[in-house]
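These notes are about the structure you will find just below.
Worth knowing before you read on, the calculation uses all heavy atoms, side chains too, and leaves out hydrogens, waters and symmetry mates.
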Amino acid sequence: MSQMSDPNSAGPSGRFSRRGILGGGFTVLAAGALSACKSSSASAGSGSGGAQKGKKVIFVVHEKNSFFPPVQKGFTAFGKAMGWQTQFIGPPTFDQSAVVNMMQNAVNAKPDGLIFTRIDDTSYDGVIKAAKAAGIPVILSNVASADYQKLGVGFVGQDFVPAGVTAGQQILKHVVKHTKRRSGAIVIGKIQAGNSALEQRGKGIKKAVSEYNHAHGTKFTTEDLIVGTDEAGAVSKIDGRYSRDPGSVVGWAGTAFECQFVATWAKSKNLVGKFANGGFDMTAPVLAGIKDGSIDYTIGQNPWAQGWVAAALLAQQMDPGYPSFTYDTGAEVVDSSNIAAVTAREAKVV
């Protein structure tokens with residue numbers, strides 16, 4: 001993946017920071033199925049909604065993996081308050097052609113608004129442009145990728161490179177704690193190749209490691225490892241890398257929730273504490289891993305806001321017509337010091 005620009009750089013509409021934010025044979029939903037959100041089976045809310053009441057909004061994600069339930073809940077909660085008819089859809093595992101088809105079918109359903117994830121800087125632009133040409137407002141959520149501002153859309157999500165730097169600083173802190181070493185490999189895990197958010201987080205991690213080496217005279221190295229989202233497959237790849245050279249690995253720095261797979265593997269091999277382990281997101285296994293000590297940290301990105309705030313920005317764009325902008329959902333460090341409070345909070349949105 002080529003180097004991407006900062007996905008949260010200010011666009012023509014400005015920027016607002018929360019702090020000052022994925023197979024062949026899959027049967028895509030036909031336009032007719034999407035239009036079923038007109039029916040009583042759709043999640044039309046009872047809220048007053050005013051001019052928003054009865055509007056149809058569809059949210060299409062690139063993969064409905066374990067990260068997205070809080071996003072969906074935030075989206076549907078806002079939609080219910082407005083009296084919207086909502087749909088939240090995406091393939092169970094990433095398949096680019098399926099995602100593009102689902103997005104196009106969503107456009108064909110002629111909703112009042114759309115929310116998409118854009119995980120690279122070319123594949124989805126035709127659909128986004130088609131929606132805008134049809135007069136359908138579009139907001140991006142979770143991942144926007146480079147040059148999204150040129151499409152004239154807002155974005156709700158994390159500022160990925162700085163978040164990666166934060167993650168890199170965390171992994172280094174725990175590498176020193178666990179290993180006391182001054183050299184060794186930090187394996188940067190990725191659940192998916194080509195996802196711009198993961199690439200940019202990885203870039204940030206590498207930047208933090210380079211800066212640390214320069215400041216402390218250490219010789220830590222980084223390497224990438226694609227593990228996927230299936231636990232058995234991921235554990236096999238993690239074990240394969242470690243088995244090739246066990247003494248070289250001082251840390252596993254995930255760019256998403258790969259750390260939960262490292263924790264499963266490390267516990268099965270009695271290796272917890274032999275290296276640092278951390279990543280991103282607040283899935284239940286990740287939070288449980290921090291609680292039991294098999295994961296050192298995770299970096300949160302407020303998935304609730306990626307649903308709720310994205311819907312709110314879309315609402316103001318639909319009526320009365322205010323333009324959308326970029327909203328940074330942050331890089332929250334979660335570790336043993338705040339795990340109890342974060343776990344209680346996240347239990348409300350899954």
Side-chain angles (χ1 to χ4, degrees), residues 22-45 54-80 82-120 123-132 134 136-145 153-157 191-192 195 197 229 256 281 283 303-315 318 349-350:
L22 305 141
F26 178 79
T27 304
V28 297
L29 294 179
L34 285 168
S35 65
C37 58
K38 296 178 180 177
S39 70
S40 60
S41 64
S43 56
K55 289 189 179 297
K56 178 173 64 177
V57 179
I58 304 172
F59 195 140
V60 186
V61 298
H62 52 276
E63 179 181 342
K64 290 187 72 174
N65 60 44
S66 59
F67 168 80
F68 281 103
V71 180
Q72 182 172 357
K73 286 216 171 179
F75 167 64
T76 55
F78 187 91
K80 182 176 181 180
M82 291 293 100
W84 285 356
Q85 303 171 57
T86 60
Q87 276 196 309
F88 188 97
I89 59 176
T93 58
F94 177 69
D95 181 303
Q96 184 163 280
S97 62
V99 178
V100 172
N101 285 338
M102 294 179 86
M103 288 180 171
Q104 185 60 59
N105 287 339
V107 174
N108 295 344
K110 300 180 180 179
D112 296 286
L114 290 163
I115 306 175
F116 292 150
T117 57
R118 178 179 181 257
I119 66 168
D120 69 45
S123 301
Y124 313 99
D125 291 6
V127 180
I128 294 170
K129 291 175 182 178
K132 290 175 64 65
I136 305 170
V138 178
I139 297 288
L140 300 178
S141 179
N142 182 246
V143 187
S145 298
V153 296
F155 169 54
V156 178
I191 56 174
Q192 184 183 78
N195 183 314
T229 57
D281 302 332
T283 64
W304 171 270
Q306 293 179 17
W308 200 95
V309 175
L313 291 179
L314 185 63
M318 292 190 301
V349 297
V350 294

Tell me whether [X] contacts the main-chain N or O of [Y] through its side chain, where contact means a donor paired with an acceptor under 3.5 Å.
X	Y	value
S141	Q306	yes
K56	D112	no
S145	D120	yes
D281	T283	no

Drop me the distance from [X]'s [atom1] to [Y]'s [atom2], to the nearest 0.5 angstrom.
X	Y	atom1	atom2	value
M103	I89	CE	CD1	9.5 Å
R118	N195	CZ	CG	12.0 Å
T93	Q192	OG1	CD	10.0 Å
N108	N101	CG	CG	10.0 Å

Legend entry - Worked check of side chain to side chain contact (heavy atoms under 4.5 Å, CB included) between V57 and M318: CA-CA 10 Å; V57 179; M318 292 190 301; 4.0 Å; yes
Looking only at heavy atoms, what is the nearest atom pair of [X] and [Y], with distance?
X	Y	value
P69	N65	CD-O, 3.7 Å
V350	K73	O-NZ, 2.7 Å
I136	G113	CG2-CA, 3.9 Å
A305	V156	O-CG1, 3.6 Å
V138	A131	CG2-CB, 3.7 Å
K64	F88	NZ-O, 3.5 Å

Inset, instruction - Verify whether one side chain among D95 and S97 offers a donor that lies under 3.5 Å from an acceptor in the other. - result: yes
Does any non-hydrogen side-chain atom of [Y] lie less than 4.5 Å from one of [X]?
X	Y	result
F59	T76	no
P303	V71	yes
K80	T86	no
L314	I115	yes
V61	N142	no
V99	I119	no
F75	W84	yes

Inset, instruction - Fit a plane to each ring of W308 and F78, take the angle between them on a 0 to 90° scale, and name the class: parallel (under 30°), tilted (30 to 60°) or perpendicular (over 60°). - result: perpendicular
Inset, instruction - Only counting residues at least two apart or in another chain, list the ones meeting ring pair (Phe, Tyr, Trp, His ring centres under 6.0 Å) with F116. - result: none
